[in-house]
Amino acid sequence: MLVTLTGGAGAGKTTLATALAATASRAPVRVFHGDDYYFGTPERGVWMPDEAGVPRLDVGDPRSMDLGRLGHDVDAALTAASVVIVDGLFARRVILTAPCPRFDVFVDLPADLRLARKIQRKCLRDGFPLDVLLRNYLNHRRTAHEKYVEPVRHDCDLIVDGGAAADVLARRIWTEVTGKGLTRHADSGQQPGTAPQPEACAAPDGRQVVRAPRTTAR
C-alpha cells in the first residue's frame, strides 16, 4: 500500500516518515523523499533569478518536481515492498499506474513554528544566511504554501498535528489504516467489499484507488 505525507516545509514530514517505517507491521518498507525528485537543469521546472541574477529552482512550485519519475519509482517499489511511504510538499500528487490501497496524510503545523524549524535547521545548523531565508519566505514561499500546499489538506484522509511526537503520530496513522481495512486489502490484492468499506475514488490523474474516509487527528 501507499502512504503519502504532505505538508509545509518544516512540518515534520520526513521525521514522521522515518517513524512510520520503523513501526510498520509489515515489511519490507520503502521510503521516498520528494526533495530527491526536483529537476536539476533549467530545461525543466520553474526557475527564478536571485538577487545576483542567478537562476534558482523554485522548489515551492509543483511544476519543479519530477512527479513522473517519482510515480515510476513508487510503482516499481510497490511490486516488492509491502508499504511505500512518500513524504514531501507535493506527496499527495503522486500518480500511480494501477489501483492500490492508499492513505494520504496532511501534516499540519502553524506557519510560525514551521519557520522556526527552518531557521534552526538551515541557518543555525547548516549556516544558510538568515536574511536570505526570511526574504525568500516573505516574498515567495509563504504565498506558494498557501497556493499549492494548504489546499491539499481537504483531499487527504487524515490531518495530524506536526507538533506531536512522531512515534505517537505513527501509531495513530497505522491505527487508522488498520481500522479502515486497508492493510487487509493490500495483503489480498483485492478491492474492498466488506465493512468497514473505504471509498473507491480517483488519484490525481483520475485512476481509481482504495481510499479511507477522511479523519482529523489532533
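Starting from 1, each residue takes its place in the sequence as its number. Hydrogens, waters and symmetry mates play no part in the numbers below; they use all other heavy atoms, side chains included.
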Between NZ of Lys180 and CG of Leu158, what distance do you get to the nearest 0.5 Å?
9.5 Å
Show every donor-acceptor pair shorter than 3.5 Å between a side-chain atom in residues 31-39 and any protein atom, with sequence neighbours excluded, or say none if there are none.
from, atom 1, to, atom 2, distance (Å)
His33, ND1, Asp87, OD2, 2.5
Tyr37, OH, Asp73, OD2, 2.6
Tyr38, OH, Val59, O, 2.9

Is there a donor-acceptor contact under 3.5 Å from the side chain of Trp174 to the main chain of Leu20?
yes
List in chain and number order the residues that pass side-chain hydrogen bond (donor to acceptor under 3.5 Å, both in side chains) with Thr79, two or more places apart in sequence or in another chain; answer none if no residue qualifies.
none
Run the salt bridge (Lys or Arg N to Asp or Glu O under 4.0 Å) test against Arg63 and tell me which residues pass, sequence neighbours left out.
Asp61
Do other residues, nucleotides or ligands put more than 12 heavy atoms under 6.0 Å from the NE2 atom of His140?
yes
Partners of Glu150 by side-chain contact (heavy atoms from CB on, under 4.5 Å), sequence neighbours excluded?
Phe106, His145, Glu146, Arg153
Residues in side-chain contact (heavy atoms from CB on, under 4.5 Å) contact with Ala76, at least two apart in sequence or another chain:
none
Rounded at 0.5 Å granularity, tell me how far OG in Ser64 sits from CG in Leu57.
4.0 Å
Do Val168 and Ile173 land in one hydrophobic cluster if side-chain heavy atoms of ILVMFWY residues count as linked below 4.5 Å?
no
How close do Ala166 and Ala19 get, counting heavy atoms only, and between which atoms?
O-CB, 3.7 Å
As an exercise, state the distance from CE of Met48 to CG of Asp58, rounded to the nearest 0.5 Å.
6.0 Å
Spatial distance of atom CG (Leu89) from atom NZ (Lys13) [nearest 0.5 Å]
5.0 Å
Indicate the atoms forming the closest heavy-atom contact of Ala80 with Pro28, along with that distance.
O-CG, 3.7 Å
What's the spacing between Leu113 CG and Asp108 CG if we round to 0.5 Å?
10.5 Å
Mind listing the closest non-hydrogen atom pair of Arg92 and Cys156 along with its distance?
CD-SG, 4.4 Å
If the condition is side-chain hydrogen bond (donor to acceptor under 3.5 Å, both in side chains), which residues does Thr175 pass it with, not counting sequence neighbours?
none
Nearest heavy-atom contact between Ala81 and Arg30 is CB-CG, 3.8 Å
Verify same cluster id: Leu169, Val152 (apolar side-chain graph, 4.5 Å):
no
If you apply the rule side chain to side chain contact (heavy atoms under 4.5 Å, CB included), what do you find for Leu5 with Val160, and how did you get there?
CA-CA 10 Å; Leu5 304 174; Val160 298; over 6 Å; no
For Thr41, does its backbone N or O pair with a side-chain atom of Trp47 as donor and acceptor, under 3.5 Å?
yes
Pairing residues for Asp66 by the salt bridge (Lys or Arg N to Asp or Glu O under 4.0 Å) criterion, not counting sequence neighbours
Arg69
Check: Thr4 and Val105 side chains under 4.5 Å, non-hydrogen atoms
no
Pairwise distance CG(Asp155) to CG(Asp104) - rounded to 0.5 angstrom
8.5 Å
Output, in order, the C-alpha distance, side-chain angles, deciding distance and verdict of side chain to side chain contact (heavy atoms under 4.5 Å, CB included) for Met1 and Val84.
CA-CA 6 Å; Met1 71 169 296; Val84 172; over 6 Å; no
Is there a chain of hydrophobic side chains (I, L, V, M, F, W, Y, each step under 4.5 Å between heavy atoms) that links Phe128 to Leu138?
yes
Side chain Arg114, main chain Leu109, donor-acceptor under 3.5 Å
yes
Who pairs with Leu67 by side-chain contact (heavy atoms from CB on, under 4.5 Å), at least two apart in sequence or on another chain?
Met65, Leu70, Arg93
Are Val74 and Leu2 side-chain neighbours, meaning at least one heavy-atom pair lies under 4.5 Å?
yes
Any side-chain to backbone donor/acceptor pair from Lys118 onto Leu133? Under 3.5 Å, distance only.
no
Closest non-hydrogen atom pair between Ala27 and Ser82, with its separation:
O-OG, 3.0 Å
Between Thr23 and Ala170, is there a donor-acceptor pair closer than 3.5 Å when you use the side chain of the first and the backbone of the second?
no
Salt bridge (charged side-chain N to carboxylate O under 4.0 Å, His left out) partners of residues 124-141, not counting sequence neighbours, each pair once:
Glu51-Arg135
Once side-chain hydrogen bond (donor to acceptor under 3.5 Å, both in side chains) is applied, do any residues pair with Thr6, and if so which ones, sequence neighbours excluded?
none
Under a 4.5 Å cut-off applied to non-hydrogen side-chain atoms, are Cys123 and Pro129 in contact?
no
Can you list everything that forms a side-chain contact (heavy atoms from CB on, under 4.5 Å) with Ala116? Sequence neighbours excluded, please.
none
Close side-chain approach of Val83 and Arg26, heavy atoms under 4.5 Å
yes
Test side-chain hydrogen bond (donor to acceptor under 3.5 Å, both in side chains) applied to Arg171 - qualifying residues, sequence neighbours left out:
none
Verdict with supporting geometry, Cys100 and Leu78, side chain to side chain contact (heavy atoms under 4.5 Å, CB included):
CA-CA 9 Å; Cys100 81; Leu78 283 167; 4.1 Å; yes
Side chains of Thr97 and Asp75: donor-acceptor distance under 3.5 Å anywhere?
yes
